[in-house]
Visitor: 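Before I ask anything, here is the structure I am working with.
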Amino acid sequence: MAYSSSNHETWYTRVDVIAAIVGLAMALAMFPLRFVASQVYVKTIPIVLGVACGLYLLAVRADRRRGTGTSARRQRGLPTLPSGLTMALPSVVLLGLAAMVLLTALQGTRTPLFFGLSSVVATLVLGQIVFADERDFHGGLLLFQIVCFAFVFRFTALYATPGLIGIDAWTHITNLAESIYAAESVSGIADDKHYASPFYHLLVVASALLYDVSLITALYLSVGVVMPLSILLVYATTHLLVPQRWAVLATGLYAVASYVSHWGIHIIPTSMGLVFFLGVLYALVRVMRIEYATRDFGLLVLLTVAVILTHQVSTFIMLVVLVAAFLAQLVFVLSPFEVGYSQLETSVFRAQKPVNLVGLVVFDLGLTIFMWSLTPFREESFLATVLSWLHSTLVDSAGFLNLAGPSDDGGGEAAEAASAGPTLLEQVVQYVDVLGFLVLLGAMFVGCLYVVRRKRAEQSVVTLLFAAAIMLVFVLGLPMFGIRNFIPTRWFAFLYVPMVIFAAIGLRHLVTTVDARVVFACLLVVVLVYPGAMIFAAESNADQPVFPDQHERLAYDEDELAAVSTIGEMAGEPRPSEMRPDQVLYTDHPYQTVLKRTHAHHADTATVADGEPVDHDVTLHRSTDAGATYYRDANGFGQARDIPETRLCRSTQATVYTNGDVSLCVASPAT
């Protein structure tokens with residue numbers, strides 16, 4: 001079958017078909033790795049890649065049989081919701097959201113029942129997007145439901161948690177923002193790496209002064225409010241590429257994604273960097289899709305500078321996207337894509353000559369290097385320290401299949417858990433945590449294959465394609481070789497943006513080509529499985545884990561926070577340099593992090609070896625069953641264990657503080 005292009009492209013010479021066949025071969029080649037490595041991504045990604053490539057080849061075959069004219073590309077016999085049900089579902093969703101709020105207020109926290117109800121509500125929203133009849137589809141109403149869901153899902157967690165959620169948030173609010181607030185100047189953090197990227201802290205302090213509220217409340221009223229609203233930038237970006245229904249679907253997929261929800265409740269500079277990143281991506285795609293004016297390009301430059309002044313990891317990810325855009329520019333200038341650029345299928349993408357981004361890439365790269373060279377970090381500059389860490393990793397620990405688990409972010413004892421072998425529950429939880437990502441990854445593969453065909457490729461989608469590919473290397477590829485310096489877990493929320501865009505493109509293509517029964521099955525997986533998988537993943541419920549025996553709780557109740565405050569007052573909030581080794585407080589992880597990051601007391605994770613006594617002089621035990629608590633074993637690895645109070649607070653110690661939930665014990669003078 002021939003096409004009316006300058007090189008008479010046939011189906012078996014098409015780049016997308018060749019790529020699908022190569023992908024299928026790669027999936028088969030990688031499949032045996034599951035027998036030599038137990039990492040969940042090694043076991044699952046070959047299957048996902050193989051299924052996605054098979055579906056795309058099936059779509060190519062169906063397309064050849066029907067012909068490729070625009071009239072042939074239509075929705076083929078998919079079931080749609082009755083008009084009455086479509087009209088009633090928005091009210092049902094709003095009632096469900098109200099029930100989520102009421103449930104949290106009555107139970108005092110987000111329980112598994114809350115997350116189950118949230119999954120049902122999210123499914124109803126996605127079901128409307130996918131299955132509503134064309135005459136009943138109202139994009140604005142669906143976007144309103146998505147934004148409302150994002151607000152309710154995040155703010156119920158913030159409402160039910162007395163303090164902050166997460167580990168890093170305590171450093172940024174009770175230490176850095178508090179220092180700026182007290183000094184009334186950014187000089188309050190002059191010795192910290194965030195001195196050169198203070199936008200987050202300045203916004204929180206300014207909000208506290210403007211609203212006359214505490215720093216925590218100011219955080220929620222500023223960055224906390226912006227986070228759920230920022231998902232509309234995903235809609236704006238996707239709508240530049242596909243019709244409204246699929247842009248709304250991309251927005252819904254992004255709104256319920258696990259790491260996106262996580263940075264909406266664990267609100268740190270990564271969260272604000274993500275907001276600016278969404279703006280950068282929208283402005284970048286916009287200048288590639290329209291006859292842009294100077295103000296459009298100026299907005300893009302301004303947003304890139306905002307990212308640089310907000311967060312270092314977000315800056316690096318943004319630079320990856322800009323480099324991807326530059327590579328896409330080279331593809332169209334130097335490759336055969338440029339020959340057929342005027343042959344683009346205008347029903348899919350509007351033809352627009354490649355935008356020259358060399359100046360932007362050079363400017364942002366130069367500004368980043370300059371800022372990082374001036375940023376203090378660990379007695380050196382931030383740039384020098386990071387390069388030193390990377391060199392040490394490459395020399396000392398890099399190696400094939402030196403695998404990192406999906407929860408490993410390059411630090412923290414929780415990620416170092418060692419055990420004789422995973423139990424059945426641990427294996428189930430492991431797959432639940434990644435199931436939503438795998439569903440999205442499969443749909444993304446289909447979308448990527450769709451856009452690489454010469455008649456469909458243009459600079460914006462090729463930019464997103466290159467960006468997604470490079471980001472996947474940092475998230476999944478480098479950890480396979482033991483290189484975790486780039487903190488891969490921080491990348492997922494950024495990676496989800498091109499993923500949901502390509503997922504929408506891929507699902508749209510399947511709907512218009514593949515047999516209705518096959519497409520219906522795929523859409524059911526997206527509607528029924530994806531929301532629940534993302535919501536039950538550990539990142540979405542860090543405040544109250546759905547699987548408390550497997551995941552630590554990164555939030556604290558009133559008694560636990562009261563103990564932190566009282567211990568700080570008792571000890572006088574000593575600096576680590578002022579303390580002897582026998583004065584360090586030992587407790588579980590993650591509780592030791594809040595003691596240390598609020599400067600209440602220098603703390604570390606206690607070592608509790610089987611059959612051996614605990615020999616720490618100052619210990620703290622908290623009675624909690626709301627999440628896993630980690631202690632070091634004899635080899636120094638963190639293990640999730642329930643340690644009784646008598647093991648930490650021994651008979652040779654004196655209890656100097658207790659509130660019924662938290663007990664602080666010190667070596668008795670008598671011993």
Side-chain angles (χ1 to χ4, degrees), residues 122 125-126 128-130 132 134 137-147 149-150 228-257 259-260 274-290 292 296 299-300 303 321 324-325 328 345 347-350 352 439-452 456-468 471 492-512 523 526-527 530-531 534:
V125 175
L126 293 184
Q128 293 177 69
I129 300 171
V130 172
E134 199 64 40
F137 183 85
H138 300 288
L141 180 59
L142 285 164
L143 286 175
F144 175 74
Q145 295 175 60
I146 293 170
V147 172
F149 176 84
L229 288 176
S230 66
I231 63 177
L232 294 176
L233 288 169
V234 176
Y235 169 78
T237 305
T238 313
H239 198 28
L240 291 169
L241 301 171
V242 294
Q244 185 184 41
R245 181 192 295 267
W246 305 103
V248 175
L249 177 61
T251 309
L253 295 175
Y254 187 77
V256 301
Y259 279 95
V260 179
L274 178 60
V275 173
F276 283 130
F277 175 82
L278 292 175
V280 168
L281 208 59
Y282 166 71
L284 185 63
V285 173
R286 178 179 170 83
V287 299
M288 294 177 182
R289 301 287 292 150
I290 66 172
Y292 65 91
D296 299 309
L299 175 63
L300 174 59
L303 288 169
V321 173
E345 295 182 9
S347 64
V348 180
F349 300 120
R350 298 187 299 276
Q352 176 72 27
V439 171
L440 193 60
L441 187 67
M444 185 203 77
F445 283 147
V446 177
C448 290
L449 291 170
Y450 176 79
V451 302
V452 297
R456 296 168 183 152
E458 57 103 48
Q459 190 183 12
S460 62
V461 291
V462 173
T463 294
L464 295 173
L465 176 65
F466 286 170
M471 292 165 77
F492 276 98
F494 299 83
L495 172 61
Y496 282 151
V497 187
M499 285 184 73
V500 298
I501 293 174
F502 281 121
I505 293 173
L507 291 171
R508 175 185 177 231
H509 177 58
L510 293 180
V511 163
T512 56
L523 293 178
V526 173
V527 171
Y530 174 83
M534 283 296 191

Visitor: Using side-chain contact (heavy atoms from CB on, under 4.5 Å), reason through F137 and V248 one step at a time and then give a plain yes or no.
Guide: CA-CA 11 Å; F137 183 85; V248 175; 4.2 Å; yes
Visitor: Looking at every heavy atom in both Q244 and G140, which two are closest together, and how far apart are they?
Guide: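 So the minimum-distance heavy-atom pair works out to NE2-N, 4.3 Å.
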Visitor: What residues, two or more places apart in sequence or in another chain, satisfy ring-ring contact (aromatic ring centres under 6.0 Å, His included) together with F149?
Guide: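 If we apply the ring-ring contact (aromatic ring centres under 6.0 Å, His included) test to F149, skipping adjacent residues, the hits are F153.
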Visitor: For residues V511 and L523, determine if any side-chain heavy atom of one lies less than 4.5 Å from a side-chain heavy atom of the other.
Guide: yes
Visitor: Once you round to the nearest 0.5 Å, how far does CZ of R289 lie from CG of D296?
Guide: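 Answer for the CZ-CG pair, R289 versus D296, is 14.5 Å.
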Visitor: If you apply the rule side-chain contact (heavy atoms from CB on, under 4.5 Å), what do you find for V285 with T463, and how did you get there?
Guide: CA-CA 9 Å; V285 173; T463 294; over 6 Å; no
Visitor: A250 and V234: which non-hydrogen atoms are nearest, and at how many Å?
Guide: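 Heavy-atom minimum between the residues: O-CG1, 4.1 Å.
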Visitor: Mind checking whether L233 and L281 have side chains closer than 4.5 Å, heavy atoms only?
Guide: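 They are not in contact (no side-chain heavy atoms under 4.5 Å apart), so the answer is no.
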Visitor: Can you list everything that forms a ring-ring contact (aromatic ring centres under 6.0 Å, His included) with F502? Sequence neighbours excluded, please.
Guide: none
Visitor: Run the ring-ring contact (aromatic ring centres under 6.0 Å, His included) test against Y235 and tell me which residues pass, sequence neighbours left out.
Guide: H239
Visitor: Roughly how far, to the nearest 0.5 Å, is the OH atom of Y259 from the CG atom of L495?
Guide: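 Taking CG in L495 and OH in Y259, the distance rounds to 11.0 Å.
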Visitor: Mind checking the CG-CG spacing from L241 to L464? Nearest 0.5 Å is all I need.
Guide: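 Atom-to-atom, L241:CG and L464:CG are 6.5 Å apart.
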Visitor: The criterion is side chain to side chain contact (heavy atoms under 4.5 Å, CB included); which residues satisfy it with V527, sequence neighbours excluded?
Guide: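 Listed in chain order: T123, L126, V130, F131.
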Visitor: Identify the two heavy atoms, one from A247 and one from T238, that lie closest to each other, and give their separation to 0.1 Å.
Guide: CA-CG2, 3.7 Å
Visitor: Does the side chain of L507 reach to within under 4.5 Å of the side chain of V526, using non-hydrogen atoms?
Guide: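 L507 reaches V526 side chain to side chain.
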Visitor: Measure across Q459 and A325 and return the closest heavy-atom pair with its distance rounded to 0.1 Å.
Guide: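 Answer, listing the atom of Q459 first, then A325: NE2-O, 3.9 Å.
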Visitor: Between CG of L465 and CE of M444, what distance do you get to the nearest 0.5 Å?
Guide: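 Going from CG on L465 over to CE on M444, the span is 8.0 Å.
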Visitor: Indicate the atoms forming the closest heavy-atom contact of V256 with M534, along with that distance.
Guide: O-CB, 3.2 Å
Visitor: Can you find a heavy atom in the side chain of Y530 that is under 4.5 Å from one in the side chain of L440?
Guide: yes
Visitor: Indicate yes or no: at least one non-hydrogen side-chain atom of L278 is less than 4.5 angstrom from one of T237.
Guide: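 Heavy-atom side-chain distance check fails, nothing below 4.5 Å.
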Visitor: Can you sort out the partners of A150 under side chain to side chain contact (heavy atoms under 4.5 Å, CB included), two or more places apart, ordered by chain and number?
Guide: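 Listed in chain order: R154, P228, I231.
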Visitor: Quick one, R245 and E134 - any side-chain contact, counting heavy atoms below 4.5 Å?
Guide: yes
Visitor: Quick one: pull up CG in L441 and CE in M499 and give me the separation to the nearest 0.5 Å.
Guide: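 The CG atom of L441 sits 4.5 Å away from the CE atom of M499.
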Visitor: Under 4.5 Å between any side-chain heavy atoms of V242 and L249, yes or no?
Guide: no
Visitor: Look at the rings of F277 and F494 and say which category their plane angle falls in: under 30° parallel, 30 to 60° tilted, over 60° perpendicular.
Guide: perpendicular
Visitor: Using a 4.5 Å cut-off on heavy atoms from C-beta on, say whether the side chain of L253 contacts that of Y496.
Guide: no
Visitor: Quick one: pull up CD in Q145 and NE2 in H138 and give me the separation to the nearest 0.5 Å.
Guide: 11.0 Å
Visitor: Show every side chain to side chain donor-acceptor pair (under 3.5 Å) that has at least one partner inside residues 247-256, sequence neighbours left out.
Guide: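 For residues 247-256, and leaving out neighbouring residues, there are no side chain to side chain donor-acceptor pair (under 3.5 Å) pairs at all.
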